[in-house]
Amino acid sequence: MTPSAPPPPPRLRVLICDDNTMLRAALADVVRAQDDLALVGSAADAAEAIRLATAQLPHVVVLDVRFPGGGPYTAQQILRAVPGVRILAFSAYGDQGPRTEMAAAGVTGYLVKGVTNARLLAEIRARGTGAPPPTARTGITAPRDLQCRPATCVRWSASARDTPTGGGRV
């Protein structure tokens, strides 16, 4: 009898939340191109983000800080509805104010738009590594250990293009 191959490791489930249609599509393409990640949805506003997070139970949510309906509000609602989820704030703004707001809301990371695809993917994977499987329920208190590291403070470039191969910037 031939031993069967071990099952592949579970893929990290990722939800993308940004009101910019082109950026949302580009981020989705980058995530879809990864064998270890599964895109479970993309949302353009708070209501859609909360609905998708509750239905799809992502491990990691990439959330625009200036999201329609409120980035901090959306983060809090997702964290309450999906215990165990990790939220990575993604913003065009690198100043301390938005970082502090998002940290208070419970996000576990913050990236400034313009980072390379490789950096974004590394941060998504870092959020998902060791994360307990998310479950739908209410009443979670999220960690508040957000730190600003110089490497995450990359300026947004209007000419930046996103590619699934990892060479672009988002």
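Closest heavy-atom contact between Y93 and Y110: O-OH, 2.6 Å. Annotation for V60 and G128: closest pair CG2-N, 3.7 Å, computed over non-hydrogen atoms. For the pair R24 and A43, the tightest heavy-atom approach, listed with the atom from each and the gap, is CD-O, 3.2 Å. Of all the heavy atoms in V85 and P58, the pair that sits closest is CG2-O, 3.4 Å. Of all non-hydrogen atoms in L12 and R125, the two that sit nearest each other are CD1-CA, 3.9 Å. Across all their heavy atoms, A81 and T54 have their closest contact at CB-OG1, 3.5 Å.
Exactly one of L120, L15, L37, V40 qualifies for a side chain to side chain contact (heavy atoms under 4.5 Å, CB included) with V31. That residue is L37. Each of V14, I78, I124 was evaluated against V61; a single residue qualifies, I78, per the side chain to side chain contact (heavy atoms under 4.5 Å, CB included) test.
With sequence neighbours excluded, no residue satisfies salt bridge (charged side-chain N to carboxylate O under 4.0 Å, His left out) with R11. In this structure R32 satisfies the salt bridge (charged side-chain N to carboxylate O under 4.0 Å, His left out) test together with D29, sequence neighbours excluded.
For the residue pair T108/R86, the side-chain donor-acceptor check at 3.5 Å is not satisfied.
One finds the CE atom of M102 at 9.0 Å from the CD atom of Q76 (value rounded to the nearest 0.5 Å). Annotation: the span from T129 atom OG1 to D36 atom CG amounts to 9.0 Å, rounded to 0.5 Å. Here the straight-line distance linking atom CZ of R127 with atom CD1 of I87 works out to 11.5 Å at 0.5 Å rounding. Atom CG of residue L88 and atom CD of residue E123 lie 6.5 Å apart, to the nearest 0.5 angstrom. Put simply, CG on L52 and CD1 on I16 are 11.5 Å apart, with the number rounded to the nearest 0.5 Å. Atoms CG and CG, from L63 and D18 in turn, are 8.5 Å apart once rounded to the nearest 0.5 Å.
Using a 4.5 Å heavy-atom threshold, the side chains of V112 and R99 count as touching.
A salt bridge is defined here as a Lys NZ or Arg NE, NH1 or NH2 lying under 4.0 Å from an Asp or Glu carboxylate O, and D64 with K113 meets this definition.
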Taking distance alone, no hydrogens or angles, what donor-acceptor pairs closer than 3.5 Å link side-chain atoms of residues 65-74 to residues at least two apart or in another chain?
{"residue": "T74", "atom": "OG1", "partner": "G70", "partner atom": "O", "Å": "2.6"}

